[in-house]
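Report on the structure given below.
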There are 2 protein chains.
Amino acid sequence: MSYYSAHPRFHLAVDCIIFGFRDDKISLLLLKRDFEPAKGECSLMGGFVRENESVDDAARRVLTELTGLTDIYMEQVGAFGKVGREPDERVVSVAYYALINIDDYDHELVESHNAFWVAIDERPDLIFDHDEMVSKALVKMRGMASEYPIMFHLLPKEFTLSKLQSLCEAIYGMPLDKRNFRKQVAHTACIEKVGAIDKSESKRGAALYRFNENVFRKTGIFKL
Amino acid sequence: MSYYSAHPRFHLAVDCIIFGFRDDKISLLLLKRDFEPAKGECSLMGGFVRENESVDDAARRVLTELTGLTDIYMEQVGAFGKVGREPDERVVSVAYYALINIDDYDHELVESHNAFWVAIDERPDLIFDHDEMVSKALVKMRGMASEYPIMFHLLPKEFTLSKLQSLCEAIYGMPLDKRNFRKQVAHTACIEKVGAIDKSESKRGAALYRFNENVFRKTGIFKL
DNA sequence: TCAAAAGTGTTAAGTTTACACCCATGA
DNA sequence: TCATGGGTGTAAACTTAACACTTTTGA
């Protein structure tokens, strides 16, 4: 096997950009590191790829280690492979973003990792090239969200149109017109009224809606 | 350094999806492998990442090894890290696409690698997960091309509007209306007439145009 | 009774699409 | 002289954007 053994080997890591929707803002789950390297600084949740595990599986495992969540929507952002990106050793890292519903994660587990939520436009500086990873993840996530119905991963199964609108505004970074927005939703078959009413956000109460995956698969139509 | 040494190391490769525009079709530069593994089959051009080289640099080096070209537009497609993706050894590969002007490459070098051009919709089956790499590269390239003026990397510096239109048609996979297309070009400040006439494709001759990078940077406007 | 969020249509502006003929030239 | 690719404008359909008031109800 000299064809292979002539070539060097590298440490391979994964890092997770975990997005949630909190207080009408896209937020990020970060670690305040209580371990080396870069103890005391802020970073993404990461981990090393194992021998008998795909890189995608490593990302899923690392996400589960922090949040307790499985079956989460994740997309690869890309490989980060500059020579000096970690100071002590050469490590190539593959970044992934995840979209989670902030109501669902395991709070104890998150606290035990010294992790915390922060709005993306208030995020602290991160170690290594993690800032670049977050920037790229944001661009990629926004691009995907404008073409595919991935934003629903950030919401509970049932949501009001006000919440959906403020999510769109947070993703696209611009205010949207309420009437135009609701007109568009009304023409989107895969978003359907469930009948129930949410009274937690207003006195009057707001109709609850949900995303119907099957309708989306049939029509292929989604654009908000 | 036991923090690092406790973790496994992996062979890291890069693979290049090299796009060119030939006979009005998006084409791909492939290898007919005269070496193991998978000798006799078709594959992308690839190579292993070296110790003191970034992953991006490895991709550039591999592209240069095959084509002789430097300073080529490349984008990372992503990391491919399934456990069994190469049969004999675990190798994680990072794929990149490159856009080259097909008039420019070193023909001798390409022939010495047993490489050949093929239109994307006539490509043969490729080894390992290279088919998946090509599909993802195409999606990513098309997405980028619809937002940024990257298509000009596939053309000579000066080109006729007919060539540019047939390139757009090849990228978007649909026919375009000639008058609407030219109207749009006329409103795109970063595409400017050079004055010269190309007589190689028609008796009458066609005006030559070029992409002006500086105008694009000022206006930020590009949409074809 | 009033504050706070929910809900509801119309019109003007702009963009996109469809479409057919004349021009210049070399063979 | 004719075959080949180069070049040109208009009108209808559709999409997007702007805009303000009424409803419900808990505090």
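Just so you know, these numbers use all the heavy atoms, side chains as well, and skip hydrogens, waters and symmetry mates.
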Next on the checklist: Base, sugar-phosphate or nothing for A/Thr160? Non-hydrogen atoms, less than 4.0 Å.
Outcome noted: nothing
Checklist entry - Do the side chain of B/Ser162 and the main chain of B/Thr160 share a donor and acceptor less than 3.5 angstrom apart? => result no
Next on the checklist: If you define the side chain from C-beta out and look only at heavy atoms, does anything of B/Leu30 sit under 4.5 Å from B/Ile18?
Outcome noted: no
Checklist entry - When you match A/Gly205 and A/Gln184 each to their closest nucleotide on DNA chain D, which lands nearer the 5' end? => result A/Gln184
Next on the checklist: Parallel, tilted or perpendicular: which one describes the rings of B/Trp117 and B/Tyr105, with boundaries at 30° and 60°?
Outcome noted: tilted
Checklist outcome for this item: chain A vs DNA chain D, heavy-atom contacts under 4.0 Å, first-to-last nucleotide span, 5' to 3', is D/dA17 to D/dG26
Item to check | Pairwise side-chain contact, B/Leu138 with B/Tyr97, heavy-atom cut-off 4.5 Å (strictly under) | outcome: no
Checklist outcome for this item: Quick note, B/Asn180 side chain, CB onward, closest among C/dG7, C/dC23, C/dC19 is C/dC19
Checklist outcome for this item: Of the listed C/dG7, C/dA4, C/dA5, the closest approach to the A/Lys203 side chain comes from C/dA4
Item to check | Side chain A/Tyr172, main chain A/Ala145, donor-acceptor under 3.5 Å | outcome: yes
Next on the checklist: Considering every strand and a 4.0 Å limit on heavy-atom distances, what is the contact class for A/Lys199: base, sugar-phosphate, or nothing?
Outcome noted: sugar-phosphate
Item to check | A/Lys178 vs A/Arg204, nearer the 5' end of DNA chain D by closest nucleotide | outcome: A/Lys178
Item to check | Side-chain heavy atoms of A/Leu31 within contact of A/Asn114, under 4.5 Å | outcome: no
Next on the checklist: What is the separation between atom CZ on B/Arg179 and atom P on C/dT16, rounded to the nearest whole Å?
Outcome noted: 17 Å
Checklist entry - Can you tell me if the side-chain N/O atoms of A/Ser202 get under 4.0 Å from OP1 or OP2 in C/dA4? => result no
